[in-house]
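First up is the structure itself, then whatever we jot down about it.
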Amino acid sequence: MPPVSEQESRYSPTFNISRIHEYNEVIRQLAEDKEAHYLYVFDSLADDTGFLPAGTSEDGIHPYGKYYPQWLDYLKTHTVLEVRR
């Protein structure tokens, strides 16, 4: 899961940075258990304080479409080069 804005994190019991880190850890562990690859996309959109930067989202959760290429670039540079069978 990607980050949320600092404001959203401060006021949302569900979509806050602590919970997102917990969700991401559960997803990472599930991927490990299933021997699947896990990409930590959080870093692709987080600013240096660990939040979705101000002005990148109307609701503090979903980034505007113009930030999707940034996310895509992260995915392209963090792909698995070799598939084990």
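In what follows, every heavy atom counts, from backbone to side chain, and hydrogens, waters and symmetry copies are set aside. All residue numbers refer to positions in the sequence shown, counting from 1.
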Original post:
Could you give the distance from CZ (R28) to NE2 (H21), rounded to the nearest 0.5 Å?
Top reply: 14.0 Å
Subject >> Where P3 and G50 come nearest, the two heavy atoms and their spacing >> reply: CB-O, 3.9 Å
**OP:** Specify the closest pair of heavy atoms between R19 and P13, including all atoms of both residues, with the distance to one decimal.
**Re:** NH1-O, 3.2 Å
Original post:
For atom CD of Q70, is the number of surrounding heavy atoms from other residues, nucleotides or ligands below 6.0 Å larger than 12?
Top reply: yes
**OP:** Evaluate whether atom CD of E25 has more than 12 neighbouring non-hydrogen atoms of other residues, nucleotides or ligands under 6.0 angstrom away.
**Re:** yes
Original post:
For the atom pair CG (N24) and CD (Q29), what is the distance rounded to the nearest 0.5 Å?
Top reply: 13.0 Å
Original post:
Residues sharing W71's hydrophobic cluster, by side-chain heavy-atom contacts under 4.5 Å among ILVMFWY, directly or via others?
Top reply: M1, V4, F15, I17, I20, Y23, I27, Y38, L39, Y40, V41, F42, L45, F51, L52, I61, Y64, Y67, Y68, Y74, L75
Original post:
From N16 CG over to E8 CD, what is the distance, rounded to the nearest 0.5 angstrom?
Top reply: 9.0 Å
